[in-house]
Amino acid sequence: PVLRLGALQHRSRVRRRRPAMGKLGRKSTIQALQDSSSPLLKFENEKAYLPKEGLQMIRDLPGYVYPVILMGDGRAGKSYLASRFLNLEETFVSSDSPEPVTEGIDAVICNMDKLILECPDVGRAAEAGNDSDDKHEQMHMLIMDCEGGNNAMAAIRTLVNVFGIVIGTEVVFVCGGSFSEAGLQNLGASLAARSLIKLDDDQELPSQRLIFVVNKNTWKYSEDTLDKALNQEQTDPGRKEVRQTISDSFFEKKFFAIPPMQTSGFEEAVQSLRKQILKDRRALSMGGVKMKGPALASLLEVIVHEMQSMNEVSLSSMTRCVFMDGFLTPLAKTCFELAEDQMPSLEDYDKALAVKDPRAQAMEKFDMESSRIGDKALLKEARDCLQEKLDAAWSRVLKLNETFGEQALETRTETKENHHGQERRQIGGGGMMEGVQLTYQKIKVHIRPVVVKKNGTESFGQWDESQAETSKLIEDAFSGFSTGVPILQGKLLKKSPNAFKALITGFKGEYQERCCIVREGHLIWWDPAKVQMPTASDSDTTRRQKETVQVQGMISFLLNRASVEKVDNETIKVIPASPSGWADSSSFTGGSSRELTFQVGTVDRLGRDHHSVEDWVDAIRKNIEFGDRAFAQLGAGRIIEEVGKDQPQLHQAIWRTPEA
């Protein structure tokens, strides 16, 4: 439970056998004192230094620190009382010699939980001044036994007093024999070291409690002896100033009188003093920040350094040490390490990297846990430093991701067309579209490579302009129409539009046999008895005569918007797509509202099976669709001029059409 501050001091003394715990003699406990305490502040040739082993042990100390510092008269029994606070035989060296036993400051650390368990009356309540969030933090008592201040044979150690003023949460001032003006003057002289601490206008020293102890007391004092002495009216300015300094320096003051050892009431008085010190437990804090071992070690170094170099200590320097070195820097380090652990370890490009940025969470943790820091300048400095480190770490992740992102995901080629004028070409041939003039755009295609990167961007190569010139059809409705637009020929029974004729024939003449062909956006029909197909045995003259005969009916799907539907398994109907009827009905009889109805026979004139209703519907629909596209690109004027709207001659209707 008791921690030595560093390695054991090397001593040349021969260790003595420890007596039984029940016998608390001064000399019998010297060995235990030497083995438990360690030097914290020492002097060599009047120059102060902090022994490395003690400083490092404080720096390694977990949890908060409750510093109790014993100051006062030399040879007054401070070391013995300090040992009893730990409920041990003497922890600090004590002696009856007139030589100073303690030079500088010796210290010992003990876990508060252990001390409280040994003193049930103290209870396990949370330490005064500790937030509920800190209830699980460990706390250690740091007892510092200081060199006596009024021993004529001890060097005057101003730095010892500064230590007591700055880091003593609980100041135990011990004087020997009786309560006297000399004791108050000695305490006042110790507090005079406050003048060596440089304060800014808005700064104040950490709050402290005072326990004034008269040790080896043979007089009878009441508990309010100290209060009466401090409040007593004084005519002497010096005495008045001392009392005012003591009153102003401590927010709470208590008085204890302890009789000589082995006299009645001695043990009770010592235990009462011990309980009071345990009840007063409170973590050392500065500016609202409770200190742990690393912060306290850094603070001690600042105090010694500034006293050695300037013979004064700046509270601003101490505050910076506590806030920055003891709290903000470790907090920033924790936040940075937390963020660093959460930063992605990349093995390939991550397009969702932005949502994995841990910096905001780390900064939020820092802001939340540092909100109690009042020094905004130090807070900004630490925050900016953390932000800079986080940004640098994240920048490394971003650069790695950028490197992965620049890698090629795929390659492709890109083309562009450069236009070099237009030319008109006639379709030619002998069909319905013979006179149509199509427009061709002269183009030269350029090609370049394109690399698609993992980050989604693209890298482009140089254009290759070595490709040959080609052309592109502007009226693309005609692209591949000779094969894409079906041709279907056969005999159908066409319903006569003459209702009177059908009536007088008893409806026997309602349907008439017609040769029909659908091609190039037209539906054409003729009476085979009146318009004869050329045969192989025909002479050239006869063939020409037959081919130049005009067919009897036609509907142009280029000029007319139409639709086709299957009525039943034998009947199809071609009707206007617009309620207003046909746009141009000059090439057939029956008027603009006529519906063209056809029945499919069983065999054609050569005895072959006729095309089915579905075949006719499909062929007509595709020709209607071609006609719609051609009309949109040519317009009515060009269609009438280049295609015409009258019934074609037979050779145009059957050009390159298989014999039906």
Side-chain angles (χ1 to χ4, degrees), residues 1-5 21 24-26 28-30 32-40 54 58 61 64-73 76-94 101-102 105-124 127-128 138-148 163-164 167-176 208-217 252-261 265-284:
V2 178
L3 308 178
R4 282 198 54 210
L5 299 182
M21 285 293 291
L24 297 174
R26 292 180 60 83
S28 66
T29 60
I30 290 177
L33 309 176
Q34 295 172 345
D35 288 345
S36 299
S37 65
S38 290
L40 180 60
I58 290 180
L61 190 64
Y64 298 128
V65 183
Y66 169 39
V68 178
I69 189 163
L70 285 92
M71 307 173 65
D73 296 348
K78 296 187 301 298
S79 299
Y80 177 76
L81 290 177
S83 302
R84 295 301 305 274
F85 294 163
L86 301 177
N87 204 26
L88 297 174
E89 297 178 60
E90 294 181 12
T91 301
F92 296 94
V93 178
S94 57
V101 174
T102 304
I105 299 177
D106 290 335
V108 68
I109 292 175
C110 187
N111 187 283
M112 284 299 304
D113 286 342
K114 183 263 179 188
L115 294 175
I116 294 172
L117 284 173
E118 293 176 351
C119 192
D121 294 345
V122 174
R124 306 268 311 162
E127 287 76 8
Q138 295 185 54
M139 180 181 287
H140 288 80
M141 179 189 288
L142 171 64
I143 296 184
M144 294 168 285
D145 181 19
C146 296
E147 176 178 336
F163 264 52
I167 66 173
T169 298
E170 190 94 347
V171 176
V172 180
F173 188 86
V174 183
C175 62
Q208 295 177 304
R209 286 189 177 96
L210 170 67
I211 295 182
F212 195 105
V213 179
V214 177
N215 196 24
K216 308 175 188 177
N217 172 56
E252 185 177 296
K253 298 170 284 293
K254 286 186 169 57
F255 178 83
F256 282 84
I258 298 178
M261 187 185 298
F266 170 75
E267 281 299 327
E268 291 80 359
V270 170
Q271 289 302 319
S272 178
L273 175 60
R274 180 173 185 267
K275 288 179 183 179
Q276 185 62 52
I277 291 174
L278 294 180
K279 286 181 180 179
D280 289 346
R281 60 193 182 277
R282 183 168 56 98
L284 174 64

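Along the sequence shown, the residues carry numbers beginning at 1.
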Are any of the side-chain heavy atoms of [X] and [Y] separated by less than 4.5 Å?
X: L70; Y: F85; result: yes
X: C146; Y: I69; result: yes
X: I258; Y: N217; result: no
X: I277; Y: Y66; result: yes
X: E170; Y: E252; result: no
X: K78; Y: L81; result: no

Tightest non-hydrogen contact, residues P67 and M144, listed as CB-CE, 3.7 Å
Sequence neighbours left out, what passes side-chain contact (heavy atoms from CB on, under 4.5 Å) with Q276? Give chain and number order.
I211, K254, F256, D280
Over 60° means perpendicular and under 30° means parallel, so classify the ring planes of F173 and F212, tilted if in between.
tilted
Pair E267 + R84: basic N to acidic O under 4.0 Å:
yes
From R282 atom CZ to Q208 atom CD, the distance as rounded to the nearest 0.5 Å
8.5 Å
L284 CG to T169 OG1 distance, which is reported to the nearest 0.5 Å
4.5 Å
What do the steps show when you test R281 against L115 for side chain to side chain contact (heavy atoms under 4.5 Å, CB included), and what is the final call?
CA-CA 11 Å; R281 60 193 182 277; L115 294 175; over 6 Å; no
